[in-house]
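A short write-up of the structure that comes next.
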Amino acid sequence: MMRSASLFQVLLVFTTMVETQWSSVSGTYCKDMASSIYRPHSVTITEFGAVGDGVTLNTKAFQNAIFYLNSFADKGGAQLFVPAGRWLTGTFSLISHLTLSLDKDAEIIGSPDSSNWPVIDPLPSYGRGRELPGKRHQSLIFGSNLTDVIITGANGTIDGQGAIWWDWFHNCTLNYTRPHLVELMYSTNVVISNLTFMNSPFWNIHPVYCSQVLVQHVTILAPLNSPNTDGIVPDSSTSVCIDHCYVRNGDDVIVIKSGWDEYGISFARPSTNISISNITGETRGGAGIAFGSEMSGGISEIRAEGLRIVNSMHGVRIKTAPGRGGYVKNVYLADVSLDNVSMAIRITGNFGKHPDDKYDRNALPMISNITIENVVGVNVGVAGILEGIEGDNFSSICLSNVSLSVQSMHPWNCSLIQGYSNSVIPESCEQLRPDCGQTPVCYDGGSSSAIHAQASTYRSSASRLLSHLLELATL
């Protein structure tokens, strides 16, 4: 009896160890993020003279309200409530311990006058404006060095009225890089939820140099031909969770970045520990999920599951180039469905421009440990183009359980890559077909660079040991 009890205790501990070894770390920090916090103090924007007629400029009202609420930062924080109406404004900056809350019929709309969008310094990891040398316009909603910030509502709307900015872009009459809709810098404990974002002049939601960020239950809309209206853009940020979002826009639905060429290499702030789940997207000009091309600070430990991409150019895309340096590694993508997508998977080793001529041409990126599995696609044009860089083969590119209904007679085009494939239809390119006896090296989405071959061996050994323990327990 004592022997059985002892064996049971060993079995219990062993089982716990196995479960812990193979549990996903992505859920840990996501579950710890609170989507709402009680604020003991609250004001309404109308108390500061705002008028929701869609014509009156309310920049001062937003600025004054937030200045007033700053006095409650050390008293549990405060809420700024925006009621029903159309609230025209220029840019305004948030503070720590603040909730910006919108009524379901509230619309914050950006001014069409560029003078209401101040010009600020470029990001240090970019060295210049993304579109033009020099400075850039500040986002409509901005914040820097903040903690405990919530932007939420009952599906209220934030509309950047970006059409005029898109015209300036197409006409080459911009003086500075276009503004984002929301940008938070050097901030932690950020929640953006239950809102609709529309017509951003440039990228929509841009957390940069941030940590502990939750983006949840948001809708992002822009015309399919709108330029560079990327949806959610974690940039040199850590512990980011993106969940249950719908994006229909003109560029990448979700794209992870980390700085541009020599500036990103020098700044050396990676994007890491990012969890993405339950995303539906449509984009004519981009990908459902993308990496880069600005990835010079490094991108790693990314887990994305439950992606549905329709009527789009690309499903999954990795973009980089000589001179970028940095890395994209330890990426796990699973449970992806594609419908009417021009190309399911694209990895490009020669993409994008450089900020200036000072970049190091010998700074080659490392692309490794990329696993894509459980993918189903219909009405797909081309299965994939996977291209590395001469002298810099991309390695451990793994495809598993991928089934695509492809229109092209040449579904795959691969060069300068190495990896593994299993159960891929149509049959993958030769560079990904395992040799007889080859041991596949594939990232499994865990907290370290685990490989499928080791996982199978470990689990097989664990099963044998578990069976042996059970047999002993019954003696």
Side-chain angles (χ1 to χ4, degrees), residues 33 35 45 58-59 62-63 66 79-80 82 87-96 98-102 106-111 116-118 120 123 130 136-153 155-162 165 177-222 226 228-237 240-243 245-247 249-257 271 274:
M33 294 183 185
S35 59
I45 191 63
N58 295 296
T59 310
F62 278 101
Q63 292 172 344
I66 292 170
Q79 171 180 275
L80 174 58
V82 181
W87 309 91
L88 182 70
T89 181
T91 69
F92 59 91
S93 297
L94 305 181
I95 57 173
S96 294
L98 175 72
T99 296
L100 174 65
S101 179
L102 279 67
E107 296 180 51
I108 294 177
I109 55 178
S111 168
N116 292 317
W117 304 68
I120 60 175
L123 294 170
R130 184 58 187 83
R136 63 199 183 103
H137 285 283
Q138 182 175 301
S139 63
L140 183 64
I141 300 175
F142 181 75
S144 184
N145 292 292
L146 306 181
T147 186
D148 179 22
V149 177
I150 298 174
I151 305 171
T152 191
N155 202 32
T157 300
I158 299 174
D159 187 342
Q161 298 201 111
W165 295 93
T177 292
R178 286 172 285 161
H180 311 305
L181 207 49
V182 176
E183 181 180 74
L184 297 175
M185 302 173 57
Y186 303 107
S187 297
T188 187
N189 293 327
V190 173
V191 175
I192 301 173
S193 67
N194 300 299
L195 290 170
T196 296
F197 297 86
M198 297 177 62
N199 303 317
S200 178
F202 202 38
W203 305 344
N204 278 268
I205 298 173
H206 186 221
V208 57
Y209 321 140
C210 289
S211 64
Q212 296 293 322
V213 178
L214 174 63
V215 181
Q216 188 176 54
H217 299 297
V218 305
T219 297
I220 296 175
L221 303 172
S226 56
N228 311 111
T229 51
D230 301 64
I232 304 167
V233 189
D235 195 341
S236 293
S237 292
V240 178
C241 299
I242 303 169
D243 180 51
C245 298
Y246 174 81
V247 182
N249 63 347
D251 212 317
D252 297 324
V253 170
I254 295 173
V255 55
I256 302 172
K257 300 177 182 286
S271 282
I274 296 177

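Hydrogens, waters and symmetry mates play no part in the numbers below; they use all other heavy atoms, side chains included.
For the pair Phe197 and Asn204, the tightest heavy-atom approach, listed with the atom from each and the gap, is CB-OD1, 3.9 Å. Counting all heavy atoms, side chain and backbone alike, Trp117 lies closest to His137 at O-ND1, 2.7 Å. A pairwise comparison of heavy atoms in Asp251 and Asn249 identifies O-OD1, 2.9 Å as the closest pair. When every heavy atom of Gly110 is checked against every heavy atom of Gln161, the shortest pair comes out as O-NE2, 2.6 Å. Across all their heavy atoms, Ala106 and Val82 have their closest contact at CB-O, 3.4 Å. The heavy-atom pair separating Val149 from Ser96 by the smallest distance is CG2-CA, 4.3 Å.
Thr157 contributes no side-chain N or O that, together with a main-chain N or O of Glu107, makes up a donor-acceptor pair within less than 3.5 Å. Under a 3.5 Å cut-off, the side chain of Arg136 and the backbone N or O of Thr177 do not form any donor-acceptor pair. One N or O on the side chain of Ser237 and one on the backbone of Pro207 form a donor-acceptor pair closer than 3.5 Å.
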key: Criterion side chain to side chain contact (heavy atoms under 4.5 Å, CB included) on Leu140 and Thr89, from CA distance to verdict   = CA-CA 8 Å; Leu140 183 64; Thr89 181; 4.2 Å; yes

ask   = Is there a side chain to side chain contact (heavy atoms under 4.5 Å, CB included) between Leu94 and Ile151 once you walk through the steps?
value = CA-CA 10 Å; Leu94 305 181; Ile151 305 171; 3.7 Å; yes

task = Quick one: do Val208 and His180 satisfy side chain to side chain contact (heavy atoms under 4.5 Å, CB included)? Show the steps, please.
result = CA-CA 12 Å; Val208 57; His180 311 305; over 6 Å; no

request  = Tell me, with the steps shown, if Phe202 and Glu183 meet side chain to side chain contact (heavy atoms under 4.5 Å, CB included).
outcome  = CA-CA 11 Å; Phe202 202 38; Glu183 181 180 74; over 6 Å; no

task = Could you please spell out the steps behind the side-chain hydrogen bond (donor to acceptor under 3.5 Å, both in side chains) verdict for Asn155 and Thr196?
result = CA-CA 6 Å; Asn155 202 32; Thr196 296; 2.9 Å; yes

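Between the side chains of Thr188 and Ser211, a donor-acceptor pair is found at a separation under 3.5 Å. Side-chain contact check for Thr152 and Ser193: at least one donor-acceptor pair (N or O, by modelled atom type) lies under 3.5 Å. In this model, a donor atom of one side chain and an acceptor atom of the other lie less than 3.5 Å apart for Asn199 and Asp159. Between the side chains of Asp235 and Ser271, no donor-acceptor pair is found at a separation under 3.5 Å.
To the nearest 0.5 Å, atom CG of residue Leu98 and atom OG1 of residue Thr147 are 12.0 Å apart. Rounded to the nearest 0.5 angstrom, Ser139 OG and Ile120 CD1 are separated by 6.5 Å. One distance of note links CG of Asn145 with OH of Tyr186; it measures 7.5 Å at 0.5 Å rounding. Atoms CE and OG, on Met198 and Ser226 in that order, are 11.0 Å from each other to the nearest 0.5 Å. Taken to the nearest 0.5 Å, the CG atom of Asp148 stands 6.5 Å off from the CG atom of Asn189. Summarising the geometry, atom CD1 belonging to Ile158 is positioned 5.0 Å from atom CG belonging to Leu195; distances are rounded to the nearest 0.5 Å.
Looking at Trp87 and Asn58, their side chains come closer than 4.5 Å, going by heavy atoms from C-beta outward. Looking at Ser93 and Ile66, their side chains never come closer than 4.5 Å, going by heavy atoms from C-beta outward. In this structure, Leu184 and Phe142 have side chains that are not in contact, with every pair of non-hydrogen atoms separated by 4.5 Å or more. By the 4.5 Å heavy-atom criterion applied to side chains, Met185 and Leu123 are counted as neighbours. Counting only heavy atoms from C-beta outward, the side chains of Leu80 and Phe92 never approach each other to under 4.5 Å.
The side-chain contact (heavy atoms from CB on, under 4.5 Å) with Val233 is formed by just one residue from the set Val255, Ile256, Ile254; it is Val255. Across Asn194, Ile108, Ile45, a single residue satisfies side-chain contact (heavy atoms from CB on, under 4.5 Å) together with Leu102, and that is Ile108.
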